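Note: hydrogens, waters and symmetry copies are ignored here, and every other heavy atom, side chains too, is used. Bear in mind that the values here come from a model prediction, so they are computed numbers and not experimental data. Residues take their numbers from the sequence shown, with the count starting at 1.
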Amino acid sequence: MRCLLILALVTTAAAASADSVFALKTIRPREVITAQSVQLQKGQAPGAAQSLENVIGAEAKRAIYAGRPVLTSNITRAALIERNQIVAATFSLNGLTIDTEARALERGSVGDIIRAMNLTSRSTIRAEVLEDGRLKVLP
């Protein structure tokens with residue numbers, strides 16, 4: 001019984017000392033969040049990000065107003081490829097590699113599968129966004 005009481009007090013103290021990330025300035029939708037636009041404040045806001053590492057470099061889905069908590073539901077990974085951007089696309093299968101250019105039909109971040117239009121054949125392809133900004137065409 002004594003152990004349960006101590007455990008309850010420790011968890012309550014840890015929850016009370018939790019920090020939340022708050023916006024220092026208004027962050028517009030699709031804006032990449034920088035260290036100058038957020039700070040860690042004492043207190044816990046429901047649904048707010050708990051560390052700066054999870055927020056800095058992310059992209060805002062919706063406007064986040066100054067003085068408000070940065071909710072995890074309002075941020076996403078930053079897009080690497082914008083819609084209508086011309087990007088290099090590579091198709092590889094069984095030792096055959098074809099390099100071409102494509103026009104992105106959707107925005108995408110690393111690991112996302114997006115649609116793109118092959119500029120040579122004008123056909124729509126599905127491709128994965130790679131870390132270097134290229135597309136890996138899926139079979």
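Of all non-hydrogen atoms in Thr26 and Ala66, the two that sit nearest each other are OG1-N, 3.6 Å. Taking both residues in full, the closest heavy atoms of Phe22 and Val70 are given as C-CG2, 4.1 Å, listed atom of the first, atom of the second, then distance. Across every non-hydrogen atom of Ala78 and Val32, the tightest pair is CB-CG2, 4.2 Å. Of all the heavy atoms in Glu31 and Arg28, the pair that sits closest is OE1-N, 3.0 Å. Scanning all heavy atoms of the two residues, the minimum distance from Ala48 to Gln50 falls at O-NE2, 2.9 Å.
Expressed to the nearest 0.5 Å, how far CD of Glu106 lies from CD1 of Ile113 amounts to 10.5 Å. Atom-to-atom distance recorded for Asn74:CG and Glu59:CD is 12.5 Å, nearest 0.5 angstrom. Remark: Ile64 CD1 to Ile75 CD1 distance equals 7.0 Å, nearest 0.5 Å. Between the CG atom of Asp19 and the NZ atom of Lys42 there is a distance of 4.5 Å, given to the nearest 0.5 Å. Atoms CD1 and CZ, on Ile27 and Arg68 in that order, are 13.0 Å from each other to the nearest 0.5 Å. The structure places CG of Asp112 at 9.0 Å from CD of Glu128, a figure rounded to the nearest 0.5 Å.
Summarising the hydrophobic clusters (Ile, Leu, Val, Met, Phe, Trp, Tyr; side-chain heavy atoms under 4.5 Å, direct or chained), the residues clustered with Val87 are Leu80, Ile81, Val110, Ile114, Val129, Leu135.
Between Lys61 and Arg30, the closest side-chain pair of non-hydrogen atoms is not below 4.5 Å.
Under the salt bridge (Lys or Arg N to Asp or Glu O under 4.0 Å) criterion, Arg62 pairs with no residue at all, not counting sequence neighbours.
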In a table with atom names and distances, give each donor-acceptor pair under 3.5 Å that connects a side chain of residues 93-104 to protein atoms at least two apart or in another chain.
| residue | atom | partner | partner atom | Å |
| --- | --- | --- | --- | --- |
| Thr97 | OG1 | Ser92 | OG | 3.4 |
| Asp99 | OD1 | Thr90 | OG1 | 2.8 |
| Asp99 | OD1 | Arg134 | NH2 | 3.4 |
| Thr100 | OG1 | Thr120 | OG1 | 3.3 |
| Arg103 | NH1 | Asn84 | O | 3.1 |

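Under a cut-off of 6.0 angstrom, the local environment of CZ in Arg77 is crowded, with over 12 non-hydrogen atoms contributed by other residues, nucleotides or ligands. Around NZ of Lys25, the count of heavy atoms belonging to other residues, nucleotides or ligands within 6.0 Å exceeds 12.
Put simply, the side chain of Ser20 gets close to the backbone of Gly43: a donor and an acceptor are under 3.5 Å apart.
Grouping the Ile, Leu, Val, Met, Phe, Trp and Tyr side chains by contacts below 4.5 angstrom, directly or via other members, places Met117 apart from Ile125. With hydrophobic clusters built from ILVMFWY side chains whose heavy atoms lie under 4.5 angstrom apart, Ile33 shares a cluster with Leu52.
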